[in-house]
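Take a look at the structure below.
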Amino acid sequence: MILKEKNNKTKETFPDGTIIDEWFYDYKTPCIEDFSRYTITEYGVKDDGNVYTERLQDLIDRVSENGGGVLVVPEGTFYTGALFFKQGVGLYIEKGGILKGSDDISDYPVMQTRIEGQNCLYYPALINSVGTDGFAVFGDGIIDGNGLRAWKAFWKRKEWNPECTNKDEQRPRLLFLSGCKNALISGVSLRNSPFWTCHIYKCDHIKFIGCNIFAPHEPLPAPSSDAIDIDVCSDVLIKNCSIENNDDGVVLKGGKGVWADKDPSNGVNERIIVEDCSYGYSFSVLTCGSESVHNRNVLVRRISVNGVLVLAHFKMRTDTPQRYEYISIKDVNGDIAGSFININPWHQFHDFSGRENMPRSIVENITIKDCECSCDCFFFVNRDEKRYDLKNFYFDNLKIRANKRGNDMDVVENIKIKDLFLEIL
């Protein structure tokens with residue numbers, strides 16, 4: 001939606017009519033010359049295959065104590081375990097520079113963290129920042145999670161125990177921000193994460209600009225390598241990023257369990273914009289769930305896809321009260337290998353016990369328009385009358401070539417369709 005002010009200046013809005021703040025239109029990236037710079041090779045860190053966690057962490061601590069600055073990773077490959085960035089300390093990766101994670105889990109201390117919709121003991125990420133204002137990771141280089149060893153171990157464990165959870169194989173994420181604001185991840189390549197690639201929790205005003213996020217789906221798939229997990233956050237911009245990974249692309253998390261809506265560690269994701277991004281192979285462009293309580297005012301636009309499995313995936317957990325509302329997807333073009341829209345019950349690791357008369361979940365006020373796509377199935381949407389309601393969908397100007405139509409669209413209460421061209425192959 002676009003509003004006009006009295007001076008005829010146009011103002012774009014989120015799906016519920018809230019005006020999009022000017023913050024979302026500021027795409028500036030930092031200039032390294034504006035910071036105090038600390039090149040890591042001048043502080044005993046070498047490109048020699050050894051792991052330099054202690055020296056890097058000591059440098060981070062010293063820089064923070066001295067008023068702040070940026071660690072510079074020059075050309076070369078430098079290994080480290082978990083790093084914890086303090087207030088005023090950023091990270092710059094030069095072109096040809098690689099900060100590479102140790103593949104030894106003992107280089108990641110067990111600690112309280114947030115993972116898969118719960119606060120618990122687990123492992124930190126390679127790059128961590130907690131409670132900071134203005135944290136920045138930028139440059140033209142690479143942060144590499146070095147995940148091959150963890151992927152092999154995960155699939156071997158799965159072979160031994162098909163019921164194992166994602167956490168059972170101990171492995172770190174690549175980037176974790178918790179309680180941060182005004183953070184910027186810009187220009188860098190984020191590759192080969194052992195687990196989720198980027199995870200932000202209880203953060204606000206976070207930008208991912210021009211990032212390349214990659215984890216392989218062949219020959220060895222990188223399990224649970226979500227690109228960006230947004231978990232109880234507000235005001236998030238993902239712009240000009242390329243995503244190719246072996247799990248969901250942009251994922252809205254927020255908590256799980258029968259009492260998830262009453263747990264103060266959980267909450268809403270709101271005012272999220274994903275725009276001008278390209279997707280290769282990925283499980284989805286946008287996923288709500290699988291651990292999610294409330295998502296609203298989400299805008300996805302100007303997206304190109306080539307082999308993504310699902311455009312919009314709404315995972316309806318049977319053990320969690322959920323509300324997905326005011327979500328708009330528009331201007332998507334390309335080839336979808338699976339379904340255009342997927343809304344179905346989700347049972348992974350569920351525990352439906354301990355609460356009688358749990359509130360019904362709802363998906364409402366969903367708009368999809370101005371898309372031209374090929375897909376296998378157009379409308380893979382099923383109603384579960386015991387668990388959730390679907391209502392107030394609006395489809396407009398869709399040109400779809402599909403192998404299958406999918407379900408009848410009357411599973412949604414009050415669905416409005418305008419200019420839908422659907423060619424069944």
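For the single chain, residues carry numbers from 1 onward in sequence order. Predicted model, so just to flag it, every value in this text is computed and none were measured.
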Side chain to side chain donor-acceptor pair (under 3.5 Å) between Asp61 and Ser64: does it pass, once the steps are laid out? CA-CA 5 Å; Asp61 297 344; Ser64 181; over 6 Å; no
Set out, in order, the CA-CA distance, both residues' side-chain angles and the distance that settles side chain to side chain donor-acceptor pair (under 3.5 Å) for Glu325 and His294, then state yes or no. CA-CA 8 Å; Glu325 60 177 346; His294 189 185; 2.7 Å; yes
List the steps and the verdict of side chain to side chain donor-acceptor pair (under 3.5 Å) for Gln112 and Asn119. CA-CA 7 Å; Gln112 278 292 133; Asn119 293 358; over 6 Å; no
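A salt bridge links Glu159 with Lys156: at least one charged nitrogen is closer than 4.0 Å to a carboxylate oxygen. Contact check on Lys256 versus Asp319 returns no salt bridge, with no Lys/Arg side-chain nitrogen under 4.0 Å from an Asp/Glu carboxylate oxygen. One finds no salt bridge joining Lys95 and Asp140 here, because no Lys/Arg side-chain nitrogen approaches an Asp/Glu carboxylate oxygen to under 4.0 Å.
Both tests do not hold together for Arg157 against Phe154: distance to the six-membered ring centre under 6.0 Å, angle to the ring axis within 45°. No cation-pi contact links Lys100 to Phe78, judged by a cut-off of 6.0 Å to the six-membered ring centre and 45° from its axis. Judged by a 6.0 Å distance limit and a 45° cone about the ring axis, Arg171 is positioned over the six-membered ring of Phe195. Cation-pi geometry between Lys207 and Trp23 is satisfied (NZ or CZ under 6.0 Å from the ring centre, within 45° of the ring normal).
Between Pro223 and Pro221, the shortest heavy-atom distance links the atoms CD-O, 3.1 Å. The two residues Thr320 and Ser361 make their nearest non-hydrogen contact at O-OG, 3.3 Å.
Side-chain rings of Phe24 and Phe14 approach one another, their centers coming within less than 6.0 Å. The distance between the ring centers of Phe379 and Phe340 does not fall below 6.0 angstrom.
The salt bridge (Lys or Arg N to Asp or Glu O under 4.0 Å) test with Arg302 is passed by exactly one of Asp276, Asp370, Asp331: Asp276. With Arg114 as reference, Asp231 is the one residue of Asp229, Asp263, Asp231 to meet the salt bridge (Lys or Arg N to Asp or Glu O under 4.0 Å) rule.
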